[in-house]
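The figures that follow rest on heavy atoms only: side chains count, while hydrogens, waters and symmetry mates do not.
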Amino acid sequence: MGNKYELHEAEETQIIRYGWYEFFFYTETETVFGIQNDHLLADCTNHKEMISLGNSRCTMDTWFIQENKNISFAQVEDYLHKEGIPFTIEPSYKGSSWNVIECSESKVRFDFADEYRTVNLNKKGKFIGWTEHTETDQSRFLLNGIRLFNR
């Protein structure tokens with residue numbers, strides 16, 4: 001993926017971050033056991049940097065994620081239905097009223113945020129602040145992260 005990265009080491013694992021994508025490795029075997037990007041909300045002026053990853057050897061396919069656009073829970077469901085990808089909706093953790101979407105075959109998980117902010121720009125495109133939002137309807141929660149871990 002290139003020479004520009006951050007390395008975070010723990011005893012048994014390492015995390016190598018390229019851009020905003022994190023790759024989780026077992027230290028002893030150097031085997032990847034997870035990948036995630038939990039910076040998918042379009043709540044910043046550098047959203048393209050948050051969702052893009054690539055170089056001359058490979059490029060991350062962002063599929064339905066678009067620069068400076070948020071994606072709702074309902075939209076992710078719709079994309080998966082249209083592509084014929086089977087999925088389940090599950091609590092994000094035991095006893096939670098928040099749900100995640102998990103693709104049945106690949107085990108890719110999508111998680112969502114009920115609180116988010118949108119960027120406000122002036123007429124010249126300069127940042128002038130944020131507007132805070134809170135959703136109560138799960139179908140309107142916004143995509144925050146995509147994760148795949150070998151469980």
Side-chain angles (χ1 to χ4, degrees), residues 1-2 4-8 10 13-25 32-55 57-151:
M1 298 301 293
K4 190 175 177 183
Y5 64 90
E6 291 180 28
L7 175 65
H8 304 276
T13 62
Q14 295 178 340
I15 302 170
I16 296 178
R17 191 174 99 185
Y18 292 97
W20 292 96
Y21 289 86
E22 296 172 312
F23 297 83
F24 296 76
F25 291 83
V32 175
F33 68 89
I35 180 174
Q36 74 174 10
N37 184 335
D38 57 2
H39 292 85
L40 300 179
L41 290 170
D43 63 354
C44 55
T45 57
N46 63 335
H47 189 242
K48 182 177 182 175
E49 175 186 319
M50 301 291 217
I51 64 172
S52 298
L53 177 65
N55 60 29
R57 295 182 185 167
C58 68
T59 301
M60 187 67 70
D61 180 359
T62 55
W63 185 20
F64 56 80
I65 301 169
Q66 297 176 35
E67 183 178 348
N68 299 320
K69 290 191 178 181
N70 283 313
I71 301 144
S72 71
F73 192 100
Q75 288 173 304
V76 172
E77 285 182 289
D78 189 50
Y79 290 130
L80 295 174
H81 279 300
K82 284 179 180 173
E83 292 294 324
I85 299 171
F87 64 91
T88 59
I89 297 173
E90 306 174 355
S92 58
Y93 56 88
K94 190 176 181 173
S96 173
S97 60
W98 287 14
N99 292 318
V100 297
I101 295 174
E102 182 173 298
C103 296
S104 302
E105 296 170 9
S106 67
K107 302 301 182 198
V108 169
R109 290 173 68 103
F110 301 87
D111 68 72
F112 301 84
D114 67 336
E115 295 181 347
Y116 63 97
R117 60 188 183 182
T118 53
V119 175
N120 298 320
L121 306 173
N122 66 17
K123 290 180 182 179
K124 293 183 179 181
K126 299 278 186 180
F127 173 78
I128 55 174
W130 289 283
T131 302
E132 302 289 331
H133 305 273
T134 303
E135 296 292 344
T136 56
D137 177 356
Q138 173 96 37
S139 69
R140 295 174 54 93
F141 286 14
L142 296 182
L143 181 63
N144 178 63
I146 298 177
R147 307 168 200 291
L148 175 61
F149 282 88
N150 183 13
R151 297 183 253 165

Asker: Inspect the contact between Glu22 and Arg17 and indicate whether a charged nitrogen and a carboxylate oxygen are less than 4.0 angstrom apart.
Answerer: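 A salt bridge is absent here (no side-chain N lies under 4.0 Å from a carboxylate O).
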Asker: Rounded to the nearest 0.5 Å, how far apart are CG of Asp38 and CG of Leu143?
Answerer: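 So the CG of Asp38 and the CG of Leu143 are separated by 10.5 Å.
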Asker: Atom CG in Asn37, atom CG in Leu148: separation rounded to 0.5 Å?
Answerer: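 Rounded to the nearest 0.5 Å, the CG-CG separation comes to 13.0 Å.
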Asker: Determine the minimum heavy-atom distance between Arg147 and Asn144, stating which atoms define it.
Answerer: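 Closest pair (atom of Arg147, atom of Asn144, distance): NH2-ND2, 4.3 Å.
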Asker: Taking all atoms of both residues into account, what is the closest heavy-atom pair of Phe141 and Thr136, and its distance?
Answerer: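 Closest heavy-atom pair between Phe141 and Thr136: CE1-C, 4.1 Å.
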Asker: Ignoring hydrogens and angles, write down the donor-acceptor pairs under 3.5 Å from the side chains of residues 116-128, residues two or more places apart or on other chains.
Answerer:
from	atom 1	to	atom 2	distance (Å)
Tyr116	OH	Glu135	OE2	3.2
Thr118	OG1	His133	NE2	3.0
Asn120	OD1	Thr131	OG1	3.3
Asn120	ND2	Thr131	OG1	2.9
Asn122	OD1	Lys124	N	2.9
Asn122	OD1	Gly125	N	3.1
Asn122	OD1	Lys126	N	2.9

Asker: Does Phe23 offer a backbone N or O that forms a donor-acceptor pair with the side chain of Gln36 under 3.5 Å?
Answerer: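 Side chain of Gln36 to backbone of Phe23, a donor-acceptor pair under 3.5 Å: no, none is there.
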Asker: Does Ser106 reach the main-chain N or O of Val108 with its side chain, forming a donor-acceptor pair under 3.5 Å?
Answerer: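 At least one qualifying donor-acceptor pair exists.
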Asker: Are any of the side-chain heavy atoms of Tyr79 and Glu83 separated by less than 4.5 Å?
Answerer: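 No. Closest side-chain heavy atoms not under 4.5 Å.
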Asker: Has the side chain of Asn70 got a donor or acceptor atom that lies under 3.5 Å from a matching backbone atom of Ala42?
Answerer: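 Such a contact is found between Asn70 side chain and Ala42 backbone.
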Asker: Do Phe87 and Glu77 have side-chain heavy atoms sitting under 4.5 Å apart?
Answerer: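 Result yes, sub-4.5 Å side-chain heavy-atom pair found.
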Asker: Within this structure, what is the CG-CD1 distance for the pair Asp111 and Ile101, rounded to the nearest 0.5 Å?
Answerer: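 So the gap between those two atoms works out to 10.5 Å.
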Asker: Taking Asp43's backbone N and O only, do any of them form a donor-acceptor pair with Trp130's side chain (distance below 3.5 Å, no angle check)?
Answerer: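 Side chain of Trp130 to backbone of Asp43, a donor-acceptor pair under 3.5 Å: yes, one is there.
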Asker: Centroid separation under 6.0 Å, is that true for the rings of Phe24 and Phe149?
Answerer: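 Close enough - the centres of the two rings lie under 6.0 Å apart.
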Asker: Taking atom CD as the centre, does Glu132 end up with more than 12 heavy-atom neighbours from other residues, nucleotides or ligands that are less than 6.0 angstrom away?
Answerer: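 Count over threshold, so yes.
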Asker: If you round to the nearest 0.5 Å, how far is OG of Ser92 from CZ of Phe112?
Answerer: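 Going from CZ on Phe112 over to OG on Ser92, the span is 11.0 Å.
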Asker: Could you list the residues that satisfy salt bridge (Lys or Arg N to Asp or Glu O under 4.0 Å) with Asp114, not counting sequence neighbours?
Answerer: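 For Asp114, no residue satisfies salt bridge (Lys or Arg N to Asp or Glu O under 4.0 Å) once neighbours in sequence are set aside.
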